[in-house]
S.K.: 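One structure is given below, represented as structure tokens, and several questions about it will come after.
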Amino acid sequence: MTKILVIHGPNLNLLGKREPDIYGKFSLDDINKKIKKLAKEKKVAVDFLQSNHEGEIVDAIGSSPKKYDAIVINPAAYTHTSVAIRDAVASIDIPVVEVHLSNIYRREEFRHKSLVAAAATGQISGFGVNSYLLGLLAAIEITNR
Ligand code: DQA
């Protein structure tokens, strides 16, 4: 069975309470439940990691090819700052789909640049919870190619 790792970066544990006008009313648990439901329908397995720590995310990406067929990642604020996460994504040979709840290109200028995007397989930004679901579908599609 195809196995996909979903990584949620910093502050996404606060979803639901955190700037709901931008990020929506769903908690991280709600989002994970929706991802799990879609994964079940598509007959793939998903694991989740939420971390506020750059190194922990780097470790998870680096060790993922042993356990997973693809990654869906919302690097959150690290999107815009982390060369280490970008390099980790570039170091592995499984597909990586970058997702964002908000459309980062419509927001503050510092969010317009993703360091991760050029190393990722592709990016989905601006569809709220559906960014994750579309990201999961993209990851499934690409692993079935
Ligand atoms: C985010 C966008 C980032 O700019 C921000 O730092 C986040 C969440 C999104 O999902 O829209 O924490 O990745």
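Any value given below was found using the heavy atoms of this structure, including those in side chains, with hydrogens, waters and symmetry copies removed. Order of listing sets the numbers, starting from 1, for every ligand and every atom in it.
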S.K.: Would you call the rings of H8 and F48 parallel, tilted or perpendicular, where under 30° means parallel and over 60° means perpendicular?
M.R.: parallel

S.K.: Take K34 and D30 through the test salt bridge (Lys or Arg N to Asp or Glu O under 4.0 Å) and record every step on the way to the result.
M.R.: CA-CA 6 Å; K34 285 173 190 285; D30 295 332; over 6 Å; no

S.K.: Looking at ligand 1, does any of its N/O atoms fall within less than 3.5 Å of an N/O of T79?
M.R.: no

S.K.: At under 4.0 Å between heavy atoms, is it the side chain or the backbone of L101 that contacts ligand 1, or both, or neither?
M.R.: both

S.K.: Report the part of H100 in contact with ligand 1, treating N, CA, C, O as backbone and CB onward as side chain, heavy atoms under 4.0 Å; options are side chain, backbone, both, neither.
M.R.: both

S.K.: Would you say N74 touches ligand 1, if touching means a heavy atom closer than 4.0 Å?
M.R.: yes

S.K.: Can you name the one residue among V97, N74, L137 that meets side chain to side chain contact (heavy atoms under 4.5 Å, CB included) with Y132?
M.R.: N74

S.K.: Taking only heavy atoms of H80 into account, list the atoms of ligand 1 that are under 4.0 Å away from them.
M.R.: 3 (C), 4 (O)

S.K.: Taking Y23 as the starting point, is it possible to reach F26 by hopping between hydrophobic residues whose side chains are less than 4.5 Å apart?
M.R.: yes

S.K.: S125 side chain to S102 main-chain N or O, any donor-acceptor pair under 3.5 Å?
M.R.: yes

S.K.: Compute the minimum heavy-atom distance from Y23 to ligand 1 and say whether it is under 4.0 Å.
M.R.: yes

S.K.: For residues 108-118, which residue pairs pass the salt bridge (charged side-chain N to carboxylate O under 4.0 Å, His left out) check, not counting sequence neighbours?
M.R.: E108-R111

S.K.: Is a side-chain donor-acceptor pair under 3.5 Å present for S114 with E98?
M.R.: yes

S.K.: In terms of atom number and element, which parts of ligand 1 are under 4.0 angstrom from non-hydrogen atoms of R18?
M.R.: 7 (C), 12 (O)

S.K.: Report, in ascending order of atom number, the atoms of ligand 1 lying under 4.0 Å from any heavy atom of I104.
M.R.: 2 (C)

S.K.: With atoms numbered from 1 as shown, which atoms in ligand 1 lie under 4.0 angstrom from a non-hydrogen atom of S102?
M.R.: 2 (C), 9 (C), 11 (O)

S.K.: Can you sort out which atoms of ligand 1 are near R111, meaning under 4.0 Å from one of its heavy atoms?
M.R.: 3 (C), 4 (O), 5 (C), 6 (O)

